[in-house]
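A short write-up of the structure that comes next.
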Amino acid sequence: MDDAAPVLPERSLDLLRVVAVTCVVADHALGLWGGTVLRVPLGTVGHLGVAIFFVHTAAVLMASLERMHEQGARDTRLALRFYLRRVLRIYPLALVAIGLVVLAAIPPTAGRLAAPPVFVPPSASSLAANLALVQNLVPGTLLLISVLWTLPIELQLYVLLPFAWMAARRSAALAWLVAGAAIVLGAIARSGMDGVLAPINAVRFAPCFAGGVL
């Protein structure tokens, strides 16, 4: 992994990864037979895992930015290097996976064993949105791979991480201000009072990334 040594102790990051993976695997595996386990909706369990992944990812990427800074990269160059790394890590494999799904006519998800889904050919706009990884910004887009719903959110929040890192380096007060703003925006987006924020559903997960920043 070319990203920096973590800010948190390695054991803490390992624990986050284990909990996150367990939640997501439980959601997808047990979801084949039903929607709940011990009266807890599996979707809730899966989303908890995703939220933990976002905290973990932000913490590791903040460490990556710190390492680039220690290697001599300054603000503008550092941000550009960060964006380039994220694009090269995410887009190539995502594009190959989406291409294979379309060519092989594979359904977007396994769904339930009792009612397996069927493949629906995407419209040109849905295909373009999936390939660009902006599915959440284009209303009516068909997700060609259901689990890729997190990638657009990650990419959109990655845009802000270098600026959050710069703020955190300047002062602890600025770091807390960034985190506070993220928490407020996330709360607004989740409260249903987000007429302006509704098209940018990545805002709902901003508090998770703020935790990683802190």
Shared hydrophobic cluster, Leu80 / Phe163 (ILVMFWY, side-chain heavy atoms < 4.5 Å): no

Shared hydrophobic cluster for Val147 and Leu151 (ILVMFWY, side-chain gaps under 4.5 Å): yes

Side-chain heavy atoms of Tyr158 within contact of Val87, under 4.5 Å: no

Heavy-atom check, side chain of Arg204 versus side chain of Leu185, under 4.5 Å: no

Intermediate values then yes/no, side-chain contact (heavy atoms from CB on, under 4.5 Å), His69 and Arg169: CA-CA 11 Å; His69 173 77; Arg169 278 195 62 86; 3.2 Å; yes

Donor-acceptor pair, side chain of Ser126 and main chain of Leu142, under 3.5 angstrom: yes

Any donor-acceptor pair under 3.5 Å from Asn130 side chain to Leu144 backbone: yes

Non-hydrogen side-chain atoms of Arg85 and Ser64 separated by less than 4.5 Å: yes

Chi angles and distances behind the side-chain contact (heavy atoms from CB on, under 4.5 Å) call for Gln156, Leu137: CA-CA 10 Å; Gln156 288 146 30; Leu137 300 180; 3.7 Å; yes

Pairs flagged by side chain to side chain donor-acceptor pair (under 3.5 Å) wherever residues 19-33 is involved - sequence neighbours left out: none

Heavy-atom pair of closest approach, residues Leu174 and Ala167: CB-O, 3.4 Å

Leu133 side, atom CG; Leu131 side, atom CG - distance, nearest 0.5 Å: 8.0 Å

Stepwise side-chain contact (heavy atoms from CB on, under 4.5 Å) test for Leu100 and Val96: CA-CA 6 Å; Leu100 289 175; Val96 169; 4.0 Å; yes

Reported CD1-to-CD1 distance for the pair Ile183 and Ile188, which is rounded to 0.5 angstrom: 12.0 Å

Within 45° cone and under 6.0 Å: Arg86 NZ/CZ vs Phe82 ring: yes

Distance, nearest 0.5 Å, that separates CZ of Arg112 from CG of Leu32: 9.0 Å

Asp75 bridged to Arg170 by N-O distance under 4.0 Å: yes

Side chains of Val213 and Leu161 in contact at under 4.5 Å (non-hydrogen atoms): yes

Shared hydrophobic cluster, Val55 / Val184 (ILVMFWY, side-chain heavy atoms < 4.5 Å): no

Nearest atoms (heavy-atom pairs only) where Ser146 meets Trp149: O-CD1, 3.0 Å

Nearest heavy-atom neighbours spanning Ala179 and Ala210: CA-CB, 3.8 Å

Minimum side-chain heavy-atom gap Pro117-Thr109 below 4.5 Å: yes

Step-by-step side-chain contact (heavy atoms from CB on, under 4.5 Å) determination, His56 to Val60: CA-CA 6 Å; His56 173 275; Val60 171; 3.8 Å; yes

Verify same cluster id: Leu65, Leu214 (apolar side-chain graph, 4.5 Å): no

Any side-chain heavy-atom pair of Arg81 and Gln71 under 4.5 Å: yes

Closest non-hydrogen atom pair between Cys208 and Phe54, with its separation: CB-CB, 3.7 Å

Ile106 with Ile145, same ILVMFWY side-chain cluster at under 4.5 Å: yes

Backbone of Gly43 reached by a side-chain donor or acceptor of His47 within 3.5 Å: yes

Separation of Leu78 CG from Arg67 CZ (nearest 0.5 Å): 12.0 Å

Close side-chain approach of Leu160 to Phe209, heavy-atom, < 4.5 Å: no

Nearest atoms (heavy-atom pairs only) where Ala79 meets Met166: CB-CE, 4.4 Å

Residue among Val101, Ile90, Ile98 satisfying side chain to side chain contact (heavy atoms under 4.5 Å, CB included) with Leu148: Ile98

Nearest atoms (heavy-atom pairs only) where Ala164 meets Val178: CB-CG1, 4.1 Å

Side chains of Trp165 and Leu61 in contact at under 4.5 Å (non-hydrogen atoms): no

